[in-house]
Amino acid sequence: GKHLHKLVNSLSEQTYQNLEIIVVDDGSDDDTPIIGKSLQKSGKIDLFLRNEVRGGKASAANLAYRFAKGKFIVHLDADCSYDRDAIEKIILPFYLDKNVGGVGGNVMVHNYKESLATTLQAIEYFDTISIGRRVTSHLGWYRIISGAFGAFRKDILDNIKGWDIGPGLDGDITVKIRKLGYE
C-alpha cells in the first residue's frame with residue numbers, strides 16, 4: 001500500500017494517457033484497502049479490487065484482466081515507478097508488428113545510490129537481466145516477460161485464459177504466447 005501513490009503518480013505523468021488503471025490488493029494485511037479505495041474515490045485510479053484471501057500474483061493479475069476494457073494489458077508491480085514515456089514505449093511494438101503478442105519492459109533500479117543492496121541489485125538488473133533480455137529478444141527466443149513491467153494483447157490473453165496460478169507465471173505466459181506463433 002505504501003508504494004501505490006508513487007506508482008499512480010508515475011502513471012499520471014505518462015506521455016500516453018489513454019489508460020485504465022486497475023489496482024488489485026491480493027489479501028494484504030496493511031493499509032492497502034484504505035489507500036486503494038481512496039485513490040479510486042479521488043479519481044486517480046479507475047478501479048480498486050481486492051482478493052480477501054491471498055491468491056498470489058497470477059490470481060491478482062487475472063482478477064484485473066477480467067475487468068480490463070482495453071486492447072492491451074500492461075502488468076505492473078506496485079513497488080515500481082516508471083519513466084514518463086514507459087507506457088508509450090511498451091505498447092509501440094504492438095502497432096509496429098501485428099505478430100507481437102507480448103512485450104517485456106526494461107526494468108531498472110532507480111534508487112541504486114540508496115544502499116549497498118540497491119547498488120548490487122542495479123548491477124544485477126543491468127548485467128544479467130537487462131542485457132540478457134535484449135540479447136535473447138534479438139535472437140528471437142526471449143523467455144520471460146516480467147510481471148514488473150510487461151504488456152500483452154488482450155485478445156491473446158483471452159485465448160490462453162490469462163495467467164497460470166503458481167510459480168513460473170511470467171515464463172509460462174511468455175511460452176504460451178510463443179506457442180501460438182506470436183513474437
Side-chain angles (χ1 to χ4, degrees), residues 3-24 39 43-47 57-58 60-112 122 124-164 169-183:
H3 301 290
L4 284 178
H5 286 286
K6 186 175 181 180
L7 169 64
V8 170
N9 286 339
S10 79
L11 294 175
S12 72
E13 297 171 351
Q14 290 296 305
T15 54
Y16 183 84
Q17 283 291 304
N18 188 17
L19 303 175
E20 174 189 28
I21 301 173
I22 300 173
V23 173
V24 177
L39 288 167
K44 293 186 178 187
I45 67 171
D46 296 288
L47 183 61
K57 191 172 185 175
N62 285 329
L63 180 59
Y65 150 70
R66 285 196 302 272
F67 283 87
K69 299 177 188 121
K71 282 176 60 174
F72 308 111
I73 305 293
V74 181
H75 187 271
L76 310 169
D77 279 354
D79 62 349
C80 294
S81 61
Y82 298 88
D83 291 342
R84 292 189 74 240
D85 60 352
I87 302 297
E88 182 180 337
K89 283 183 176 177
I90 202 166
I91 66 167
L92 185 61
F94 295 115
Y95 291 101
L96 296 175
D97 184 347
K98 292 185 188 284
N99 201 41
V100 171
V103 178
N106 191 24
V107 179
M108 302 298 286
V109 177
H110 283 262
N111 64 339
Y112 64 92
E124 175 191 18
Y125 272 55
F126 182 75
D127 284 352
T128 60
I129 299 172
S130 183
I131 292 174
R133 288 185 176 167
R134 286 175 192 239
V135 169
T136 57
S137 178
H138 180 72
L139 295 173
W141 39 276
Y142 189 85
R143 303 181 296 126
I144 298 177
I145 296 173
S146 170
F149 189 34
F152 307 89
R153 282 184 24 195
K154 189 165 190 304
D155 63 325
I156 294 173
L157 289 177
D158 290 342
N159 188 343
I160 62 176
K161 310 289 189 250
W163 284 264
D164 289 339
L169 67 144
D170 296 341
D172 291 346
I173 200 163
T174 308
V175 168
K176 284 183 173 185
I177 291 168
R178 285 213 173 271
K179 283 184 176 180
L180 289 174
Y182 294 99
E183 294 183 26

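Since the model is a prediction, treat every value here as computed from it, not as a measurement.
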Residues that Leu92 engages under side chain to side chain contact (heavy atoms under 4.5 Å, CB included), provided they are two or more places apart: Leu96
Ile91 side chain reached by Val74 side chain, heavy atoms, under 4.5 Å: yes
Which residues satisfy the salt bridge (charged side-chain N to carboxylate O under 4.0 Å, His left out) test with Asp83, sequence neighbours excluded? none
Kindly write out the residues that satisfy salt bridge (charged side-chain N to carboxylate O under 4.0 Å, His left out) with Glu20, not counting sequence neighbours, or none if the list is empty. Lys69
List for me each residue that meets side chain to side chain donor-acceptor pair (under 3.5 Å) alongside Lys89, sequence neighbours excluded, and say none if there are none. Asp85
Pair listing, side chain to side chain donor-acceptor pair (under 3.5 Å) test, anchored in residues 70-80, at least two apart: Lys57-Asp77
Please list, chain by chain and in numerical order, all residues satisfying ring pair (Phe, Tyr, Trp, His ring centres under 6.0 Å) with Phe149, sequence neighbours excluded. Tyr82
By ring pair (Phe, Tyr, Trp, His ring centres under 6.0 Å) - contacts of Tyr65 (at least two apart): none
Side chain to side chain donor-acceptor pair (under 3.5 Å) involving Thr15 - partner list, sequence neighbours excluded: Glu88
With a 4.5 Å cut-off on side-chain heavy atoms, are Val23 and Leu39 touching? no
Going by side chain to side chain donor-acceptor pair (under 3.5 Å), name the residues that satisfy it together with Glu183, two or more places apart in sequence or in a different chain. none
Which residues pass the salt bridge (charged side-chain N to carboxylate O under 4.0 Å, His left out) test with Lys179, not counting sequence neighbours? none
Under the side chain to side chain donor-acceptor pair (under 3.5 Å) test, which residues partner Asp46, sequence neighbours left out? none
Taking side chain as C-beta onward, heavy atoms only, is Trp163 less than 4.5 Å from Leu157? yes
Residues at least two apart in sequence or cross-chain that pass salt bridge (charged side-chain N to carboxylate O under 4.0 Å, His left out) with Lys154, listed by chain then number, are Asp158
